[in-house]
Undergrad: 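One structure follows; several queries about it will come next.
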Amino acid sequence: MSDPLDRPFSPADIEHECYQQWLDLDVFPPHGHGDPYCIMLPPPNVTGTLHMGHAFQDTLMDILVRTMRMRGRRVLWQPGTDHAGIATQMLVERQIAQENTDRHSLGRAAFLDRIWQWQKQSGGQITQQMRRLGASCDWSRERFTLDSGLSHAVTEVFVRLYEQNLIYRGKRLVNWDPVLRTAVSDLEVLSEEESGHLWHIRYPLSDGSGGIVVATTRPETLLGDVAIAVHPGDSRYQSLIGTTVRLPIINQDIPVIADEYVDPEFGSGCVKITPAHDFNDYQIGQRHHLPMVNIFSPDAHILAEAECHAGTLSRSIPEALHGMERYVARKAVLAMLKDQGLLVRTEEHRLMVPRGDRSQTVIEPYLTDQWYVRTGPLAEPAMAAVREGRIRFVPENWSKTYFDWMERIEDWCISRQLWWGHQIPAWYGPDGKIFVARHEDEAQVQASRHYGMPVSLQRDPDVLDTWFSSALWPFTTLGWPEKTPELAEFYPTSVLVTGFDIIFFWVARMIMMGLRFMGEVPFREVYVHGLVRDSEGQKMSKSKGNVLDPLDLVDGIEAEALVQKRTSGLMQPKMADKIARDTRKEFPDGIPSFGTDALRFGFAALATQGRDITFDLKRIEGYRNFCNKLWNAARFALMQAAPGAESDGEHLLLPPERWITGRLQACKASVSRAIEQYRFADAAQALYQFFWNDYCDWYIELAKPVLRSENGFSEAEQRGTRHTLLAILEEGLRLLHPIMPFITEILWQRIAPVLGRSGPSIALAPYPGMNGGVADNVADADIEWLMAVVKALRSVRGEMDIPAGRTLAVLLQAGTASDRERSERLENWLFALGRVEKLGWLEHAVEPPPAAMQLVGEMRIFVPLAGLINVEAERARLGKEEQRLRADLGKIRTKLAQESFRTRAPAEVVAKEEAQLLETEQALAQIADQQRRLLSL
RNA sequence: AGGCGCGUAGCUCAGGGGGAGAGCGCUACCUUGACACGGUAGAGGUCGGCGGUUCGAAACCGCCCGUGCCUACCA
């Protein structure tokens, strides 16, 4: 024992140093001349911190990348972050609000300075955290969406799309966030059912002959009504179509129109039409050429004078309402209606309320000028790429989700009324004429040409949606628009690893942009993984207080520190008590340190094909134990080794050596197949089983008797065993490395040199191939037989409560010639593993002494009672066994009795059943004999 | 409303036309010279329900029930 490894395995001691070693050795940048393999890291928010979803996804990517690197591919895992326009700007705005100032008083340049400053100081935390996970990104190539290179590319794309008439500016109804005062895309709006009211309001007919009642959930928008719509076939309102009604409060006449959109069954069958404040109404307004009346300021307060678009209407709003916030205005409008006797009825109503995913405020449909990408011409080739198999979704079913969206895709609103982001490269002339250009100079040239003289231009103040730059990520990070070698080599990338929640946001858009600007798909496969949820199946979120920081699982955390972490910085501080309570209940002792490898293995094991992943801490604990098991197995193997001598001299391989070699072969095949199919859980399970069940439970135990001097094995045999112990482990470690990089590296550094194999890092060692180690059926059958006998003996021990320390005298009877031969040839192992002290054969006719009996095939194994055996226990056991066999027998007989089974089922199935029948009958006969014997006692 | 999932051991989940699996938990025994973050032996399931296809269904098909997510929404 020259150099015992400490125990238990303590991951904290090795991980940092190990990662630093990989950096020093330059393991991560592309190496060699193999086929390129490239994964783009979905860029996380630069200001964010690592959450479970990231850690999970990063682990899967790292497993792929490390596997391919070891297989000799030229691997690039391209990292970087995005600037997260809205989130980041909000954050810094909140900061400066505490200094009693705001971005408008600071001015654009100063405000942007503040953000950059903050970004430099606390940005990039997430990429530091990724290093803790062992992520093998090529950090030397890290990019940020606002880098000058990427910004340049974004401008280039914008200009080209504009020149190709794929970007336009238009006044449309958009999702408007009145708190952030910016447009947001459909995808940034989350609608949930909330309780509200349905107000029934009477609109008097203009001729004074009565009125009609409309139902609305938003009475304040009445100020912007321009029509009432009814269904064209609705008999109740036929006579009113084409007449006008008096709009309450405003006192203007508006027409009654007919439109198929109206559902006569709902409410009164009449709908008020407010094209400037409702998406459906907007559509109707377009169809009927109605004017659009906007009543809100950008922060959703009532205007003094309504703005009329697409028409000549002029409309004043009563002074009492001016400047009122939208919900205050709602109350005021209702009060006015009530005063005038026009509020007919109020009822409770559940309705879907759209909220901004960042601000949580109710989103307002709002009429503004915005920039749009014309998606039709981009979507068609993007769909074709998937339809034709140039891009493959894994699991395949997700392509359906992709098509669902692509077929109904709408133009993409890409402008945001923010300062943090890529400012739109558009300048306006004095008359509003648009000049889109790469630089202001270029715009000036265009303008001078247009106006015939130099004019002063004003740049569009808005910036682009962050997803616009993210959509370009697969080629801009590789240097586009320059024709760089990286671009030529790594585009199209190999696979995109992502969650299904951003198929629309990101995946579809990358495909559209990649095809447009590279003429080729951005990735060949899209592996869509599930979303990590807490142990209750709930989505993890800060506001629910159920988030786990992946690094807390790695390092461990005290209960109170965890409570503190979960309850600080909450949006709704009143939740703090409940969160603290729940947290203390779930983690009374905090979380122990599991180490990165255990966490990673857990992620791999959880990565099944389903869409939800309920995260279970107990599983991670189990994989920490697995690390410890592996660690100790390695200690054992190393303790046996004569340092440096294991590669010399003749090796003789005994059945256990040949068997474990076959097991490793099988494991390699399973793991390789699993990784290629992105079935990470299968890979993890195959490895777990191999190391724990095959290597530790059986092989190490089989090796022990060989290495004991008293058993008479030759030196060549002992050398073969010592060598195999290490060699199997060494190869297994390489197979495991992509999932558990740290522990495998440390152990490999110790083991490889003993085998005369060396290299700077296991990360650069070759991935185990399917070479050599041909299946040895004889050895497999030997060991399977041995296992069956050992298990039978252990079973007797367990049932009879025979102490483990007590050795057994065992008698065998019946059985085949090979049973007899094996019992002699494998005697050493049988004695050691079964704790047998004496083994004898009984002739067929000989009546065995009182004993417990087990069957292995036709062979009977007797453990003579001799004060050891509890007769009652043996009777009970036999009774149970008999019952089980009889049930089996019944089933088999029924099956074989069916003529249709014999004629229609495949012959081998029938033969199998027949063999089963025979075996079961024999076993029952044996048990009956044994029962008879016990009765006589 | 439409789409997509899921329902298998107490829990978390694999599997998938021919004898029900894993991990955790549970029970009993064991500090056996790698490992108690361990070992050995056990207990535990009408595979959501009902039909159909089939010689044979937990698996394939249909319907139903329960449950989750996504998309679109009725003012």
Side-chain angles (χ1 to χ4, degrees), chain A residues 1 4-5 7-9 186 191 198-199 214-218 221 228-229 261-263 265-274 278-281 349 351-352 397-398 400-401 404-405 408 500-501 503-504 530-531 533 535 537 539 592 594 598 605-606 608-619 621-640 679 681-682 685 688-689 692-693 696-697 700-701 704 790-791 794-805 835 888 891-892 895 898-906 908-910 912-913 916 920:
Chain A
M1 247 207 283
L5 290 83
R7 85 185 147 86
F9 169 59
D186 300 351
S191 292
L198 198 56
W199 287 279
V214 301
T216 181
T217 54
R218 302 197 55 197
T221 64
I228 297 293
Y261 159 77
V262 181
D263 175 3
E265 304 293 316
F266 188 89
S268 60
C270 299
V271 187
K272 61 193 271 310
I273 302 300
T274 324
D278 182 282
F279 287 101
N280 289 310
D281 293 6
H349 184 64
L351 74 163
M352 295 296 276
N397 224 276
W398 288 111
K400 198 168 168 124
T401 304
D404 278 354
W405 189 66
R408 293 176 296 109
F500 56 80
D501 52 334
I503 289 181
F504 308 144
L531 263 31
R533 296 168 182 285
S535 55
K539 208 164 170 172
F594 296 126
L606 291 168
T608 53
Q609 303 298 82
R611 57 168 70 180
D612 288 328
I613 290 150
T614 30
F615 190 80
D616 184 0
L617 214 60
K618 294 301 281 182
R619 263 187 91 181
E621 185 183 336
Y623 298 129
R624 178 205 54 187
N625 297 352
F626 177 62
C627 289
N628 188 52
K629 188 81 178 170
L630 184 61
W631 185 257
N632 284 298
R635 290 176 66 230
F636 175 79
L638 282 165
M639 279 192 298
Q640 309 306 317
R679 302 182 67 100
D682 290 357
Q685 208 200 344
Y688 186 95
Q689 255 177 27
W692 202 310
N693 304 128
C696 293
D697 287 350
I700 285 184
E701 296 309 317
K704 283 175 183 172
V790 168
K791 280 179 180 172
R794 284 173 176 171
S795 194
V796 170
R797 247 178 223 287
E799 297 287 343
M800 301 302 141
D801 281 337
I802 301 170
R835 299 200 150 248
D888 281 357
K891 274 189 245 170
I892 298 168
K895 198 176 245 189
Q898 280 172 335
E899 189 51 32
S900 55
F901 174 70
R902 290 184 171 281
T903 52
R904 301 233 186 172
E908 66 265 25
V909 174
V910 178
K912 202 172 142 197
E913 289 296 327
Q916 192 71 48
T920 309

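So that the names make sense, note that chain A is the first sequence line, chain B the second, and so on, each numbered from 1.
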Undergrad: Between B/G15 and A/R679, is there an OP1 or OP2 to side-chain N/O distance shorter than 4.0 Å?
TA: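 Yes, within the criterion.
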Undergrad: Taking only the P atom of each, what is the distance from B/G38 to B/G17 in whole angstrom?
TA: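 The same atom, P, in both gives a distance of 35 Å.
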Undergrad: With heavy atoms under 4.0 Å as the rule, sort A/E701 into base, sugar-phosphate or nothing.
TA: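 Contact class for A/E701: base.
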Undergrad: Nearest whole angstrom, please: distance from the C1' of B/C24 to the CG of A/D616.
TA: 7 Å
Undergrad: I need the CD-C1' distance between A/E621 and B/G25, as an integer number of Å.
TA: 11 Å
Undergrad: How far, in whole Å, is B/G10 from B/C73 if one measures between their P atoms?
TA: 44 Å
Undergrad: Salt bridge check, A/E899 against A/R902: does any charged N sit closer than 4.0 Å to a carboxylate O?
TA: no
Undergrad: Report yes if at least one side-chain N or O of A/N625 is closer than 4.0 Å to OP1 or OP2 of B/G38; otherwise report no.
TA: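 Yes, such a contact exists.
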Undergrad: Applying a 4.0 Å non-hydrogen cut-off, can you work out what A/D278 is touching in the nucleic acid: base, sugar-phosphate, or nothing?
TA: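 No contact.
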Undergrad: Classify A/A681 by what it touches in the nucleic acid, base, sugar-phosphate, or nothing, heavy-atom distance under 4.0 Å.
TA: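 Answer is nothing: A/A681 stays at 4.0 Å or more from every strand.
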Undergrad: Is A/D263 touching bases, backbone alone, or none of the nucleic acid, heavy atoms closer than 4.0 Å?
TA: base
Undergrad: Is any side-chain heavy atom of A/F9 less than 4.5 Å from a side-chain heavy atom of A/R635?
TA: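 No, every pair of side-chain atoms sits at 4.5 Å or beyond.
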Undergrad: Side-chain N or O of A/W692 less than 4.0 angstrom from OP1 or OP2 on B/A34?
TA: no
Undergrad: Counting only side-chain nitrogens and oxygens, does A/K272 get under 4.0 Å of the OP1 or OP2 atom of B/A75?
TA: no
Undergrad: Would you classify A/F626 as touching base, sugar-phosphate or nothing, given that sugar-phosphate means primed atoms plus P, OP1 and OP2, and contacts are heavy atoms under 4.0 Å?
TA: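 No contact.
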Undergrad: For B/G18, take OP1 and OP2 only and decide whether either is under 4.0 Å from a side-chain N or O of A/K891.
TA: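 It does not, given that no N or O in the side chain of A/K891 lies less than 4.0 Å from OP1 or OP2 of B/G18.
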Undergrad: With rounding to the closest Å, how many angstrom separate the P atoms on B/A41 and B/U54?
TA: 44 Å
Undergrad: Round to the nearest Å and state the distance from A/N693 atom CG to B/G38 atom P.
TA: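 In whole Å, B/G38 P lies 13 Å from A/N693 CG.
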Undergrad: Check the phosphate of B/G5 against A/N397, side-chain N and O only, distance under 4.0 Å to OP1 or OP2. Yes or no?
TA: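 Indeed, a polar side-chain atom of A/N397 lies that close.
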Undergrad: Do A/K629 side-chain and B/C35 base share a donor-acceptor contact under 3.5 Å?
TA: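 Such a pair exists between side chain and base.
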Undergrad: Check every strand shown and say whether A/R408 touches a base, only sugar-phosphate, or nothing at a heavy-atom separation below 4.0 Å.
TA: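 Sugar-phosphate, no base atom in range.
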Undergrad: Pairs counted only when both distances fall under 3.5 Å, Watson-Crick or G-U: show me the 5' to 3' dot-bracket for RNA chain B, [ ] for pseudoknotted crossings and | for other-strand partners.
TA: (((((((..((((....[..)))).(((((.......))))).....(((((..]....))))))))))))....
Undergrad: Verify the contact: side-chain N or O of A/T401 to OP1 or OP2 of B/C70, cut-off strictly under 4.0 Å; return yes or no.
TA: no
Undergrad: If you measure from CZ on A/R611 to CG on A/N397, what distance do you get to the nearest 0.5 Å?
TA: 8.0 Å
Undergrad: The side chain of A/T217 is closest to which nucleotide in this list: B/G18, B/A75, B/C69?
TA: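 Looking only at heavy atoms from C-beta outward on A/T217, the closest nucleotide is B/A75.
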Undergrad: Classify A/C696 by what it touches in the nucleic acid, base, sugar-phosphate, or nothing, heavy-atom distance under 4.0 Å.
TA: base
Undergrad: Say we look at B/C26 and B/G68: how far apart would their P atoms be, to the nearest angstrom?
TA: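 Those two atoms are separated by 30 Å.
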Undergrad: Mind checking the P distance from B/G15 to B/A9? Whole angstroms is fine.
TA: 15 Å
Undergrad: B/U8 and B/A14: how far apart are their P atoms, nearest whole angstrom?
TA: 10 Å
Undergrad: In this structure, how many angstroms lie between the C1' atom of B/G17 and the CZ atom of A/R904, rounded?
TA: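 For the pair A/R904 CZ and B/G17 C1', the rounded distance is 16 Å.
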Undergrad: In whole Å, I'd like the distance from the CZ atom of A/F279 to the C1' atom of B/U71.
TA: 16 Å
Undergrad: Side-chain N or O of A/S795 versus OP1/OP2 of B/G42: is the shortest distance under 4.0 Å?
TA: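 For B/G42, OP1 or OP2 has a side-chain N or O of A/S795 closer than 4.0 Å.
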Undergrad: Using the P atom in both, what is the distance from B/C47 to B/A20, to the nearest Å?
TA: 11 Å
Undergrad: Are A/Y688 and A/F626 near enough that their ring centres are under 6.0 Å apart?
TA: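 Yes - the distance between ring centres of A/Y688 and A/F626 falls below the 6.0 Å cut-off.
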Undergrad: Could you check how far NZ of A/K791 sits from C1' of B/U40, rounded to whole Å?
TA: 12 Å
Undergrad: Can you tell me which nucleotide in B/C55, B/U40, B/A14 comes closest to the side chain of A/S900?
TA: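 Closest nucleotide to the A/S900 side chain: B/C55.
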Undergrad: Using heavy-atom distances to pick each residue's nearest nucleotide on RNA chain B, tell me which of A/I613 and A/D404 is more 5'.
TA: A/D404
Undergrad: Taking the C1' atom in each of B/G48 and B/U67, what is the distance between them to the nearest angstrom?
TA: 11 Å
Undergrad: Which part of the nucleic acid, if any, lies within contact of A/R794, taking any heavy atom under 4.0 Å across all strands shown: a base, the sugar-phosphate backbone alone, or nothing?
TA: sugar-phosphate
